[in-house]
Colleague: 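Below: one structure in C-alpha coordinates.
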Amino acid sequence: MTDASPPPIDAAAVRAGAHTSKAWPYEEARKLLKRYPSGKPGGGPVLFETGYGPSGLPHIGTFNEVLRTTMVRHAFEALSDTPTRLIAFSDDMDGLRKVPDNVPNKDMLAAHLGCPLSRIPDPFGTHESFAAHNNARLCAFLDQFGFDYEFASSSDYYASGRFDDALKAVLRHYQAILDVMLPTLGAERRATYSPVLPVSPKTGIVLQVPVEVVDADAGLIAFTDDGERITQSILGGQAKLQWKVDWAMRWVALGVDYEMAGKDLIDSVIQSGKIARVLGARPPEGFNYEMFLDERGEKISKSKGNGLSLEQWLRYGSDESLAFYIYREPKKAKSLHMGVIPRAVDEYWQFCAAYADQPVEQRLGNPVHHIHNGPPPADNLPVTFGLLLNLVGVMGAQATREQVWGYLGNYVADATPDAHPALDTLIDKALAYNRDFVAPTLVRRAPEGVERAALAALDAELAKLAPDTAAEDIQNIVYEIGKNGGFETLRDWFKALYETLLGSAQGPRMGSFIALYGIANSRALITEALAR
(Lines give C-alpha, C1' and ligand atoms only; values in the text may rest on other atoms or scores of the structure.)
Protein backbone atom coordinates (compact mmCIF):
# COMPACT_ATOMS: atom_id res chain seq x y z
CA MET A 1 0.00 0.00 0.00
CA THR A 2 1.09 3.58 -0.42
CA ASP A 3 2.51 5.26 2.65
CA ALA A 4 1.28 8.51 4.13
CA SER A 5 3.17 11.48 2.74
CA PRO A 6 5.51 13.13 5.27
CA PRO A 7 3.91 16.30 6.62
CA PRO A 8 5.19 19.60 5.20
CA ILE A 9 7.88 21.32 7.23
CA ASP A 10 6.68 24.42 9.04
CA ALA A 11 7.52 27.48 6.91
CA ALA A 12 9.30 29.17 9.81
CA ALA A 13 11.46 26.07 10.33
CA VAL A 14 12.29 25.97 6.62
CA ARG A 15 13.28 29.63 6.62
CA ALA A 16 15.44 29.19 9.69
CA GLY A 17 17.13 26.09 8.29
CA ALA A 18 17.58 27.56 4.81
CA HIS A 19 19.81 30.31 6.23
CA THR A 20 22.44 27.72 7.15
CA SER A 21 21.70 24.74 4.89
CA LYS A 22 24.60 23.59 2.74
CA ALA A 23 22.25 22.41 -0.03
CA TRP A 24 23.41 24.26 -3.14
CA PRO A 25 19.99 25.82 -4.00
CA TYR A 26 19.93 27.52 -0.58
CA GLU A 27 23.54 28.65 -0.97
CA GLU A 28 22.61 30.22 -4.31
CA ALA A 29 19.43 31.77 -2.90
CA ARG A 30 21.39 33.45 -0.13
CA LYS A 31 23.34 35.37 -2.81
CA LEU A 32 20.06 36.99 -3.85
CA LEU A 33 19.12 37.68 -0.26
CA LYS A 34 22.43 39.49 0.13
CA ARG A 35 21.83 41.36 -3.16
CA TYR A 36 18.48 42.66 -1.91
CA PRO A 37 18.47 42.50 1.91
CA SER A 38 15.48 44.89 2.02
CA GLY A 39 13.73 43.61 -1.08
CA LYS A 40 14.16 44.66 -4.69
CA PRO A 41 14.03 48.43 -5.18
CA GLY A 42 10.58 49.55 -6.31
CA GLY A 43 9.01 46.39 -4.96
CA GLY A 44 9.35 44.49 -8.22
CA PRO A 45 9.89 40.74 -8.48
CA VAL A 46 13.32 39.13 -8.43
CA LEU A 47 13.84 37.98 -12.02
CA PHE A 48 15.37 34.62 -12.87
CA GLU A 49 16.34 33.87 -16.46
CA THR A 50 17.34 30.80 -18.44
CA GLY A 51 18.59 30.88 -22.01
CA TYR A 52 18.00 28.56 -24.96
CA GLY A 53 19.64 28.60 -28.39
CA PRO A 54 17.06 27.07 -30.77
CA SER A 55 19.61 26.10 -33.42
CA GLY A 56 18.97 22.49 -32.40
CA LEU A 57 16.37 20.43 -30.63
CA PRO A 58 16.07 20.86 -26.83
CA HIS A 59 18.03 18.30 -24.85
CA ILE A 60 18.59 17.42 -21.22
CA GLY A 61 21.16 20.18 -20.88
CA THR A 62 18.44 22.69 -21.76
CA PHE A 63 15.99 21.21 -19.30
CA ASN A 64 18.75 21.02 -16.70
CA GLU A 65 19.14 24.79 -16.66
CA VAL A 66 15.42 25.45 -16.14
CA LEU A 67 15.13 22.83 -13.41
CA ARG A 68 18.17 24.00 -11.47
CA THR A 69 17.14 27.63 -11.77
CA THR A 70 13.65 26.71 -10.53
CA MET A 71 15.20 24.99 -7.52
CA VAL A 72 17.12 28.18 -6.68
CA ARG A 73 13.93 30.18 -7.18
CA HIS A 74 12.03 27.96 -4.73
CA ALA A 75 14.90 28.17 -2.26
CA PHE A 76 14.82 31.98 -2.47
CA GLU A 77 11.05 31.98 -1.94
CA ALA A 78 11.61 29.98 1.24
CA LEU A 79 13.99 32.70 2.46
CA SER A 80 12.14 35.81 1.32
CA ASP A 81 8.64 37.15 0.74
CA THR A 82 9.82 39.07 -2.33
CA PRO A 83 7.87 37.94 -5.44
CA THR A 84 9.75 36.18 -8.26
CA ARG A 85 9.49 35.56 -12.00
CA LEU A 86 11.25 33.11 -14.31
CA ILE A 87 11.80 33.90 -17.98
CA ALA A 88 12.85 31.14 -20.40
CA PHE A 89 14.50 33.22 -23.13
CA SER A 90 15.06 31.88 -26.64
CA ASP A 91 17.85 33.51 -28.67
CA ASP A 92 15.98 32.94 -31.93
CA MET A 93 17.36 36.08 -33.63
CA ASP A 94 20.71 34.31 -33.78
CA GLY A 95 21.94 33.45 -37.27
CA LEU A 96 22.16 29.75 -38.17
CA ARG A 97 25.87 28.96 -38.17
CA LYS A 98 25.77 25.30 -39.18
CA VAL A 99 23.19 22.69 -40.10
CA PRO A 100 22.39 20.36 -37.18
CA ASP A 101 23.05 16.65 -37.67
CA ASN A 102 19.70 15.45 -36.32
CA VAL A 103 17.12 17.26 -38.48
CA PRO A 104 15.50 16.53 -41.88
CA ASN A 105 15.77 18.71 -45.01
CA LYS A 106 19.41 19.63 -44.43
CA ASP A 107 19.80 21.06 -47.93
CA MET A 108 17.01 23.54 -47.32
CA LEU A 109 18.61 24.64 -44.05
CA ALA A 110 21.99 24.98 -45.73
CA ALA A 111 20.45 27.47 -48.15
CA HIS A 112 19.52 29.69 -45.18
CA LEU A 113 22.84 29.67 -43.33
CA GLY A 114 23.43 33.00 -41.62
CA CYS A 115 19.75 33.96 -41.47
CA PRO A 116 17.97 34.46 -38.12
CA LEU A 117 16.57 31.19 -36.83
CA SER A 118 13.11 32.72 -36.62
CA ARG A 119 13.21 33.53 -40.35
CA ILE A 120 14.20 30.09 -41.60
CA PRO A 121 11.49 27.61 -42.74
CA ASP A 122 10.83 24.70 -40.41
CA PRO A 123 12.60 21.57 -41.76
CA PHE A 124 9.99 19.46 -39.95
CA GLY A 125 7.15 21.23 -41.75
CA THR A 126 5.04 21.78 -38.62
CA HIS A 127 5.66 25.43 -37.67
CA GLU A 128 6.22 28.78 -39.33
CA SER A 129 9.97 28.68 -38.69
CA PHE A 130 12.82 26.48 -37.47
CA ALA A 131 12.98 28.49 -34.24
CA ALA A 132 9.22 28.23 -33.71
CA HIS A 133 9.45 24.43 -33.98
CA ASN A 134 12.26 24.16 -31.47
CA ASN A 135 10.68 26.75 -29.16
CA ALA A 136 7.45 24.73 -29.18
CA ARG A 137 9.36 21.57 -28.33
CA LEU A 138 10.99 23.35 -25.40
CA CYS A 139 7.73 24.78 -24.05
CA ALA A 140 5.88 21.48 -24.43
CA PHE A 141 8.48 19.73 -22.31
CA LEU A 142 8.63 22.45 -19.67
CA ASP A 143 4.83 22.44 -19.52
CA GLN A 144 4.84 18.67 -19.07
CA PHE A 145 6.87 19.12 -15.91
CA GLY A 146 4.67 21.92 -14.63
CA PHE A 147 7.34 24.63 -14.57
CA ASP A 148 6.16 28.12 -13.69
CA TYR A 149 7.84 30.24 -16.36
CA GLU A 150 7.25 32.89 -19.00
CA PHE A 151 8.54 32.15 -22.48
CA ALA A 152 10.26 35.02 -24.28
CA SER A 153 11.50 35.21 -27.88
CA SER A 154 14.48 37.33 -28.85
CA SER A 155 12.94 37.99 -32.27
CA ASP A 156 9.72 39.22 -30.66
CA TYR A 157 11.56 41.47 -28.24
CA TYR A 158 13.78 42.97 -30.95
CA ALA A 159 10.88 43.51 -33.37
CA SER A 160 8.38 44.86 -30.82
CA GLY A 161 10.65 47.58 -29.47
CA ARG A 162 11.10 46.01 -26.03
CA PHE A 163 14.87 46.31 -26.50
CA ASP A 164 14.91 49.74 -28.20
CA ASP A 165 16.16 51.77 -25.23
CA ALA A 166 18.85 49.23 -24.41
CA LEU A 167 19.94 49.03 -28.06
CA LYS A 168 20.32 52.80 -28.22
CA ALA A 169 22.36 52.62 -25.01
CA VAL A 170 24.67 50.13 -26.73
CA LEU A 171 25.27 52.67 -29.51
CA ARG A 172 25.88 55.47 -26.99
CA HIS A 173 28.50 53.31 -25.23
CA TYR A 174 29.82 51.74 -28.43
CA GLN A 175 33.49 52.57 -27.86
CA ALA A 176 33.41 51.51 -24.20
CA ILE A 177 31.96 48.14 -25.25
CA LEU A 178 34.70 47.80 -27.88
CA ASP A 179 37.25 48.54 -25.15
CA VAL A 180 35.87 45.55 -23.20
CA MET A 181 35.72 43.13 -26.10
CA LEU A 182 38.68 43.88 -28.39
CA PRO A 183 41.41 42.82 -25.90
CA THR A 184 39.75 39.38 -25.72
CA LEU A 185 39.93 38.81 -29.50
CA GLY A 186 42.65 37.79 -31.91
CA ALA A 187 44.11 40.27 -34.39
CA GLU A 188 42.06 39.02 -37.35
CA ARG A 189 38.80 39.06 -35.41
CA ARG A 190 39.52 42.54 -34.00
CA ALA A 191 39.75 43.93 -37.52
CA THR A 192 36.10 43.16 -38.33
CA TYR A 193 34.47 42.93 -34.90
CA SER A 194 31.32 44.94 -34.22
CA PRO A 195 29.03 44.68 -31.16
CA VAL A 196 26.10 45.23 -33.56
CA LEU A 197 25.21 42.75 -36.32
CA PRO A 198 22.95 44.30 -38.97
CA VAL A 199 20.54 42.10 -40.89
CA SER A 200 21.26 42.46 -44.60
CA PRO A 201 18.35 44.09 -46.45
CA LYS A 202 19.51 42.17 -49.54
CA THR A 203 19.97 38.61 -48.29
CA GLY A 204 18.40 38.54 -44.82
CA ILE A 205 21.70 37.24 -43.38
CA VAL A 206 22.99 38.46 -40.02
CA LEU A 207 26.16 40.23 -41.15
CA GLN A 208 29.54 40.13 -39.40
CA VAL A 209 30.84 43.48 -40.68
CA PRO A 210 32.35 46.66 -39.18
CA VAL A 211 29.67 49.17 -38.20
CA GLU A 212 29.71 52.97 -37.85
CA VAL A 213 27.37 54.65 -35.39
CA VAL A 214 25.51 57.37 -37.31
CA ASP A 215 22.95 58.51 -34.70
CA ALA A 216 22.78 56.68 -31.37
CA ASP A 217 19.58 58.40 -30.24
CA ALA A 218 17.84 57.44 -33.47
CA GLY A 219 19.36 53.95 -33.52
CA LEU A 220 21.05 54.46 -36.90
CA ILE A 221 24.21 52.73 -38.12
CA ALA A 222 26.09 52.51 -41.40
CA PHE A 223 27.84 49.47 -42.89
CA THR A 224 28.91 47.97 -46.18
CA ASP A 225 26.79 45.19 -47.65
CA ASP A 226 28.11 43.56 -50.82
CA GLY A 227 30.07 46.70 -51.73
CA GLU A 228 27.22 49.12 -51.04
CA ARG A 229 27.23 51.54 -48.08
CA ILE A 230 23.91 51.26 -46.26
CA THR A 231 22.49 53.38 -43.46
CA GLN A 232 19.96 51.39 -41.46
CA SER A 233 18.18 51.37 -38.10
CA ILE A 234 19.08 48.69 -35.58
CA LEU A 235 15.52 48.81 -34.24
CA GLY A 236 12.52 46.73 -35.30
CA GLY A 237 14.49 43.53 -35.83
CA GLN A 238 16.86 45.04 -38.42
CA ALA A 239 19.91 44.05 -36.34
CA LYS A 240 20.93 41.97 -33.40
CA LEU A 241 23.89 42.12 -31.05
CA GLN A 242 26.94 39.91 -30.77
CA TRP A 243 26.40 37.13 -28.25
CA LYS A 244 28.20 38.56 -25.22
CA VAL A 245 26.88 42.06 -25.86
CA ASP A 246 23.39 40.67 -26.46
CA TRP A 247 23.46 38.77 -23.17
CA ALA A 248 24.49 41.89 -21.25
CA MET A 249 21.90 44.04 -23.04
CA ARG A 250 19.20 41.53 -22.15
CA TRP A 251 20.19 41.54 -18.47
CA VAL A 252 19.95 45.33 -18.47
CA ALA A 253 16.72 45.61 -20.48
CA LEU A 254 14.86 42.98 -18.47
CA GLY A 255 16.43 43.60 -15.06
CA VAL A 256 17.69 40.02 -14.67
CA ASP A 257 18.81 39.16 -11.13
CA TYR A 258 19.90 35.53 -11.49
CA GLU A 259 21.13 33.37 -14.36
CA MET A 260 23.34 30.30 -14.23
CA ALA A 261 25.49 29.05 -17.09
CA GLY A 262 27.67 26.13 -18.06
CA LYS A 263 31.38 26.06 -17.33
CA ASP A 264 32.08 26.62 -21.02
CA LEU A 265 30.54 30.10 -20.75
CA ILE A 266 32.68 31.42 -17.89
CA ASP A 267 34.45 33.90 -20.17
CA SER A 268 31.11 35.02 -21.62
CA VAL A 269 29.76 35.64 -18.11
CA ILE A 270 32.82 37.75 -17.26
CA GLN A 271 32.73 39.88 -20.41
CA SER A 272 28.95 40.26 -20.39
CA GLY A 273 29.17 41.36 -16.77
CA LYS A 274 31.63 44.08 -17.71
CA ILE A 275 29.38 45.25 -20.54
CA ALA A 276 26.34 45.32 -18.24
CA ARG A 277 28.28 47.68 -15.96
CA VAL A 278 29.20 49.85 -18.96
CA LEU A 279 25.46 50.09 -19.63
CA GLY A 280 24.91 51.21 -16.04
CA ALA A 281 23.50 48.02 -14.51
CA ARG A 282 24.57 45.35 -12.05
CA PRO A 283 25.14 41.89 -13.54
CA PRO A 284 22.93 39.10 -12.21
CA GLU A 285 23.96 36.58 -9.60
CA GLY A 286 24.62 33.03 -10.70
CA PHE A 287 27.06 30.14 -10.80
CA ASN A 288 28.74 27.99 -13.41
CA TYR A 289 27.78 24.34 -13.55
CA GLU A 290 29.80 21.53 -15.09
CA MET A 291 28.80 20.01 -18.41
CA PHE A 292 27.06 16.73 -19.16
CA LEU A 293 29.20 14.25 -21.12
CA ASP A 294 28.20 11.36 -23.34
CA GLU A 295 29.51 7.84 -22.78
CA ARG A 296 32.71 8.74 -24.68
CA GLY A 297 33.35 11.68 -22.36
CA GLU A 298 32.44 14.30 -25.00
CA LYS A 299 30.23 17.31 -24.22
CA ILE A 300 26.64 16.71 -25.30
CA SER A 301 25.47 18.95 -28.11
CA LYS A 302 21.97 19.67 -29.38
CA SER A 303 23.33 19.98 -32.93
CA LYS A 304 25.13 16.62 -32.78
CA GLY A 305 22.31 14.92 -30.91
CA ASN A 306 24.78 12.88 -28.84
CA GLY A 307 24.08 11.95 -25.24
CA LEU A 308 20.48 11.37 -24.22
CA SER A 309 17.38 13.12 -25.44
CA LEU A 310 14.64 14.11 -23.04
CA GLU A 311 12.35 11.56 -24.67
CA GLN A 312 14.87 8.76 -24.25
CA TRP A 313 15.31 9.30 -20.53
CA LEU A 314 11.56 9.39 -19.96
CA ARG A 315 11.08 6.22 -21.99
CA TYR A 316 13.37 4.27 -19.70
CA GLY A 317 13.29 6.22 -16.41
CA SER A 318 10.89 8.34 -14.38
CA ASP A 319 10.76 12.11 -14.55
CA GLU A 320 11.70 12.24 -10.84
CA SER A 321 14.83 10.22 -11.54
CA LEU A 322 15.85 12.72 -14.22
CA ALA A 323 15.32 15.59 -11.79
CA PHE A 324 17.31 13.69 -9.15
CA TYR A 325 20.24 13.15 -11.52
CA ILE A 326 20.27 16.81 -12.47
CA TYR A 327 20.12 17.99 -8.85
CA ARG A 328 23.16 16.04 -7.67
CA GLU A 329 26.62 17.65 -7.75
CA PRO A 330 26.00 20.43 -10.29
CA LYS A 331 29.68 21.45 -10.28
CA LYS A 332 30.88 17.96 -11.19
CA ALA A 333 31.02 16.73 -14.79
CA LYS A 334 28.70 13.75 -15.19
CA SER A 335 28.20 11.16 -17.89
CA LEU A 336 24.78 11.14 -19.46
CA HIS A 337 23.99 7.83 -21.14
CA MET A 338 21.56 4.92 -20.85
CA GLY A 339 23.58 3.18 -18.18
CA VAL A 340 23.01 5.90 -15.57
CA ILE A 341 19.21 5.68 -15.62
CA PRO A 342 18.59 2.59 -13.43
CA ARG A 343 20.83 3.83 -10.64
CA ALA A 344 19.22 7.27 -10.72
CA VAL A 345 15.77 5.69 -10.36
CA ASP A 346 16.78 3.63 -7.35
CA GLU A 347 18.72 6.41 -5.63
CA TYR A 348 15.75 8.76 -5.98
CA TRP A 349 13.55 6.25 -4.15
CA GLN A 350 16.19 5.67 -1.49
CA PHE A 351 16.17 9.38 -0.65
CA CYS A 352 12.35 9.38 -0.67
CA ALA A 353 12.32 6.53 1.86
CA ALA A 354 14.76 8.36 4.13
CA TYR A 355 12.91 11.69 4.09
CA ALA A 356 10.17 11.02 6.64
CA ASP A 357 12.55 10.13 9.47
CA GLN A 358 15.04 12.93 8.87
CA PRO A 359 15.31 16.06 11.04
CA VAL A 360 14.57 19.38 9.34
CA GLU A 361 18.19 20.21 8.49
CA GLN A 362 18.66 16.86 6.74
CA ARG A 363 15.37 17.17 4.88
CA LEU A 364 16.46 20.54 3.52
CA GLY A 365 19.55 18.84 2.11
CA ASN A 366 17.66 15.85 0.74
CA PRO A 367 17.44 16.02 -3.08
CA VAL A 368 13.75 15.06 -3.07
CA HIS A 369 12.94 18.17 -1.02
CA HIS A 370 14.20 20.31 -3.91
CA ILE A 371 12.71 18.08 -6.62
CA HIS A 372 9.22 18.40 -5.10
CA ASN A 373 9.67 21.76 -3.35
CA GLY A 374 8.75 20.01 -0.11
CA PRO A 375 7.84 16.45 0.94
CA PRO A 376 7.80 13.80 -1.79
CA PRO A 377 4.46 12.28 -2.87
CA ALA A 378 2.82 9.59 -0.80
CA ASP A 379 4.06 6.42 -2.47
CA ASN A 380 6.75 3.80 -2.04
CA LEU A 381 8.65 1.36 -4.21
CA PRO A 382 8.47 -2.19 -2.78
CA VAL A 383 11.16 -3.51 -5.14
CA THR A 384 14.15 -1.69 -6.59
CA PHE A 385 14.26 -0.80 -10.25
CA GLY A 386 17.47 -2.83 -10.48
CA LEU A 387 15.66 -5.91 -9.18
CA LEU A 388 12.81 -5.26 -11.57
CA LEU A 389 15.29 -5.14 -14.46
CA ASN A 390 16.81 -8.45 -13.35
CA LEU A 391 13.35 -9.98 -13.26
CA VAL A 392 12.34 -8.89 -16.75
CA GLY A 393 15.83 -9.82 -17.98
CA VAL A 394 15.26 -13.43 -16.95
CA MET A 395 11.70 -13.36 -18.34
CA GLY A 396 13.00 -12.36 -21.77
CA ALA A 397 12.35 -9.67 -24.35
CA GLN A 398 8.75 -10.82 -24.90
CA ALA A 399 7.69 -10.41 -21.27
CA THR A 400 4.47 -8.49 -20.61
CA ARG A 401 3.46 -6.19 -17.75
CA GLU A 402 0.75 -8.67 -16.73
CA GLN A 403 3.36 -11.41 -16.40
CA VAL A 404 5.58 -9.11 -14.35
CA TRP A 405 2.72 -8.35 -11.95
CA GLY A 406 2.19 -12.10 -11.64
CA TYR A 407 5.77 -12.57 -10.45
CA LEU A 408 5.55 -9.55 -8.16
CA GLY A 409 2.77 -11.36 -6.31
CA ASN A 410 5.48 -13.69 -4.95
CA TYR A 411 7.19 -10.80 -3.21
CA VAL A 412 4.91 -7.79 -2.80
CA ALA A 413 1.83 -7.66 -0.62
CA ASP A 414 -1.26 -6.51 -2.51
CA ALA A 415 0.62 -6.59 -5.81
CA THR A 416 -1.71 -4.53 -8.01
CA PRO A 417 -1.26 -1.40 -10.10
CA ASP A 418 -3.78 0.50 -7.98
CA ALA A 419 -1.89 -0.26 -4.77
CA HIS A 420 1.52 0.58 -6.27
CA PRO A 421 1.10 3.16 -9.07
CA ALA A 422 4.77 4.19 -9.08
CA LEU A 423 5.84 0.57 -9.49
CA ASP A 424 3.26 0.13 -12.24
CA THR A 425 4.80 3.02 -14.18
CA LEU A 426 8.30 1.61 -13.75
CA ILE A 427 7.29 -1.81 -15.05
CA ASP A 428 6.68 -0.38 -18.53
CA LYS A 429 10.01 1.44 -18.39
CA ALA A 430 11.83 -1.70 -17.22
CA LEU A 431 10.30 -3.73 -20.04
CA ALA A 432 11.39 -1.11 -22.59
CA TYR A 433 14.89 -0.82 -21.13
CA ASN A 434 15.32 -4.60 -21.08
CA ARG A 435 13.97 -5.05 -24.60
CA ASP A 436 16.13 -2.30 -26.12
CA PHE A 437 19.38 -2.55 -24.15
CA VAL A 438 19.63 -5.50 -21.80
CA ALA A 439 18.17 -8.51 -23.60
CA PRO A 440 20.45 -8.21 -26.66
CA THR A 441 23.54 -8.30 -24.42
CA LEU A 442 22.62 -11.11 -22.02
CA VAL A 443 24.77 -14.24 -22.34
CA ARG A 444 24.42 -16.91 -19.65
CA ARG A 445 27.67 -18.84 -19.44
CA ALA A 446 28.14 -22.40 -18.24
CA PRO A 447 29.23 -22.85 -14.59
CA GLU A 448 32.80 -24.04 -14.04
CA GLY A 449 34.74 -25.84 -11.30
CA VAL A 450 33.41 -25.22 -7.79
CA GLU A 451 30.54 -23.21 -9.26
CA ARG A 452 28.76 -26.38 -10.40
CA ALA A 453 28.80 -27.98 -6.96
CA ALA A 454 27.67 -24.73 -5.31
CA LEU A 455 24.76 -24.35 -7.71
CA ALA A 456 23.73 -27.94 -7.13
CA ALA A 457 23.88 -27.32 -3.38
CA LEU A 458 21.75 -24.19 -3.75
CA ASP A 459 19.18 -26.13 -5.78
CA ALA A 460 19.03 -28.81 -3.09
CA GLU A 461 18.46 -26.22 -0.35
CA LEU A 462 15.80 -24.39 -2.34
CA ALA A 463 13.97 -27.68 -2.83
CA LYS A 464 13.42 -27.83 0.95
CA LEU A 465 11.81 -24.38 1.18
CA ALA A 466 8.18 -23.34 1.18
CA PRO A 467 7.16 -21.15 -1.78
CA ASP A 468 6.62 -18.15 0.51
CA THR A 469 9.99 -18.30 2.27
CA ALA A 470 11.20 -14.79 3.15
CA ALA A 471 13.87 -13.19 0.99
CA GLU A 472 16.21 -12.71 3.97
CA ASP A 473 16.07 -16.42 4.82
CA ILE A 474 16.91 -17.31 1.22
CA GLN A 475 19.75 -14.79 1.27
CA ASN A 476 21.23 -16.46 4.34
CA ILE A 477 21.21 -19.82 2.55
CA VAL A 478 22.89 -18.32 -0.53
CA TYR A 479 25.50 -16.71 1.72
CA GLU A 480 26.31 -19.94 3.60
CA ILE A 481 26.69 -21.96 0.41
CA GLY A 482 29.09 -19.39 -0.98
CA LYS A 483 31.06 -19.25 2.27
CA ASN A 484 31.55 -23.02 2.30
CA GLY A 485 31.73 -23.57 -1.45
CA GLY A 486 35.47 -23.25 -2.01
CA PHE A 487 35.42 -19.76 -3.54
CA GLU A 488 38.33 -17.41 -2.94
CA THR A 489 35.87 -14.65 -2.03
CA LEU A 490 32.10 -14.40 -1.69
CA ARG A 491 32.22 -11.91 -4.52
CA ASP A 492 33.29 -14.75 -6.84
CA TRP A 493 30.23 -16.74 -5.80
CA PHE A 494 27.79 -13.92 -6.40
CA LYS A 495 29.47 -13.08 -9.70
CA ALA A 496 29.04 -16.71 -10.74
CA LEU A 497 25.34 -16.53 -9.86
CA TYR A 498 24.86 -13.40 -11.91
CA GLU A 499 26.75 -14.68 -14.94
CA THR A 500 25.29 -18.19 -15.04
CA LEU A 501 21.68 -17.48 -13.98
CA LEU A 502 21.06 -13.88 -15.09
CA GLY A 503 23.57 -13.40 -17.91
CA SER A 504 25.12 -10.22 -16.53
CA ALA A 505 28.24 -9.27 -14.56
CA GLN A 506 26.25 -7.55 -11.82
CA GLY A 507 22.97 -8.24 -10.14
CA PRO A 508 20.68 -7.94 -7.13
CA ARG A 509 20.60 -9.55 -3.71
CA MET A 510 19.91 -13.12 -4.77
CA GLY A 511 17.58 -13.77 -1.86
CA SER A 512 15.33 -10.97 -3.04
CA PHE A 513 15.55 -12.10 -6.66
CA ILE A 514 14.70 -15.74 -5.86
CA ALA A 515 11.75 -14.67 -3.69
CA LEU A 516 10.52 -12.41 -6.49
CA TYR A 517 11.06 -14.81 -9.37
CA GLY A 518 9.77 -17.74 -7.36
CA ILE A 519 11.64 -20.70 -5.86
CA ALA A 520 10.45 -23.15 -8.53
CA ASN A 521 11.38 -20.80 -11.37
CA SER A 522 14.77 -20.10 -9.79
CA ARG A 523 15.45 -23.84 -9.51
CA ALA A 524 14.64 -24.11 -13.22
CA LEU A 525 17.28 -21.48 -13.94
CA ILE A 526 19.83 -23.51 -11.98
CA THR A 527 18.87 -26.66 -13.88
CA GLU A 528 19.35 -24.87 -17.19
CA ALA A 529 22.74 -23.54 -16.07
CA LEU A 530 23.99 -26.95 -14.97
CA ALA A 531 22.89 -28.44 -18.29
CA ARG A 532 25.07 -26.07 -20.34
Side-chain angles (χ1 to χ4, degrees), residues 8-9 11 14-15 18 21 23-33 35-36 40 44-53 58-90 135 137-152 250-251 254-262 265 284-290 292 310 313-314 318-331 334 336 344 348 351-352 355 363-377:
I9 309 172
V14 172
R15 180 161 295 188
S21 175
W24 68 261
Y26 289 123
E27 291 182 335
E28 290 301 300
R30 290 197 292 269
K31 294 179 184 177
L32 286 166
L33 201 63
R35 181 183 179 97
Y36 298 128
K40 192 168 182 177
V46 168
L47 185 62
F48 295 79
E49 183 184 50
T50 63
Y52 169 57
H59 58 72
I60 288 179
T62 311
F63 170 68
N64 150 62
E65 195 165 303
V66 180
L67 176 65
R68 286 175 173 165
T69 302
T70 295
M71 289 176 174
V72 177
R73 181 187 184 188
H74 288 157
F76 176 74
E77 290 170 342
L79 284 165
S80 172
D81 296 325
T82 302
T84 65
R85 292 172 60 207
L86 170 61
I87 290 180
F89 196 94
S90 172
N135 289 341
R137 290 279 294 270
L138 173 70
C139 291
F141 191 80
L142 299 182
D143 291 343
Q144 176 183 342
F145 276 80
F147 285 114
D148 176 19
Y149 71 100
E150 303 164 37
F151 176 78
R250 187 195 313 165
W251 290 343
L254 303 181
V256 177
D257 296 304
Y258 187 90
E259 182 162 7
M260 59 177 62
L265 295 180
E285 309 297 327
F287 85 125
N288 296 103
Y289 54 82
E290 263 288 1
F292 285 130
L310 302 169
W313 186 294
L314 296 182
S318 61
D319 51 1
E320 297 91 351
S321 67
L322 171 57
F324 173 85
Y325 191 74
I326 286 173
Y327 172 85
R328 301 295 300 278
E329 301 176 308
K331 293 193 174 184
K334 293 188 291 187
L336 192 61
Y348 163 77
F351 279 94
C352 281
Y355 188 87
R363 286 190 182 186
L364 295 183
N366 188 321
V368 302
H369 180 82
H370 299 277
I371 292 168
H372 298 288
N373 195 25

Colleague: I'd like to check the salt bridge (charged side-chain N to carboxylate O under 4.0 Å, His left out) partners of K334; sequence neighbours left out, ordered by chain and number.
Modeller: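 Per chain and number, K334 pairs via salt bridge (charged side-chain N to carboxylate O under 4.0 Å, His left out) with no residue.
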Colleague: Which residues pass the side chain to side chain contact (heavy atoms under 4.5 Å, CB included) test with P284, sequence neighbours left out?
Modeller: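 Applying side chain to side chain contact (heavy atoms under 4.5 Å, CB included) to P284 gives W251, V256.
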Colleague: According to salt bridge (charged side-chain N to carboxylate O under 4.0 Å, His left out), who are the partners of R30, at least two apart in sequence or on a separate chain?
Modeller: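 Per chain and number, R30 pairs via salt bridge (charged side-chain N to carboxylate O under 4.0 Å, His left out) with no residue.
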Colleague: I'd like to know whether F63 forms a ring pair (Phe, Tyr, Trp, His ring centres under 6.0 Å) with F147, so could you lay out the CA-CA distance, the side-chain angles of the two residues, the decisive distance to 0.1 Å, and finally the verdict.
Modeller: CA-CA 10 Å; F63 170 68; F147 285 114; 5.5 Å; yes
Colleague: May I ask you to test the F48-T50 pair for a side-chain heavy-atom distance under 4.5 Å?
Modeller: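 Counting from C-beta outward, F48 and T50 never come under 4.5 Å.
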Colleague: Could you tell me which residues satisfy side chain to side chain contact (heavy atoms under 4.5 Å, CB included) with R35, sequence neighbours excluded, listed by chain and number?
Modeller: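 Only L32, D257, R282, E285 meet the side chain to side chain contact (heavy atoms under 4.5 Å, CB included) criterion with R35.
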Colleague: For H372 and Y348, take the angle between the two ring planes, folded into 0 to 90°, and tell me which bin it lands in: parallel under 30, tilted 30 to 60, perpendicular over 60.
Modeller: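 Taking Y348 first and then H372, their aromatic rings sit tilted (interplane angle of 30° to 60°).
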Colleague: Over all heavy atoms of both residues, which pair between Y289 and P330 is shortest? Give the atoms and the distance, please.
Modeller: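 Minimum heavy-atom separation between Y289 and P330: CB-O, 3.3 Å.
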Colleague: With the threshold set at 4.0 Å, does a side-chain nitrogen-carboxylate oxygen contact exist between R250 and E49?
Modeller: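 Between E49 and R250 there is a salt bridge, with a charged N closer than 4.0 Å to a carboxylate O.
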Colleague: Could I get the full list of salt bridge (charged side-chain N to carboxylate O under 4.0 Å, His left out) partners for R85, not counting sequence neighbours?
Modeller: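 Here the qualifying residues are E150.
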Colleague: Please identify each residue that fulfils ring-ring contact (aromatic ring centres under 6.0 Å, His included) with F351, with sequence neighbours left out.
Modeller: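 With neighbours one apart ignored, the set is F324.
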Colleague: Within the 4.5 Å heavy-atom criterion, are F145 and V66 side-chain neighbours or not?
Modeller: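 They are not in side-chain contact.
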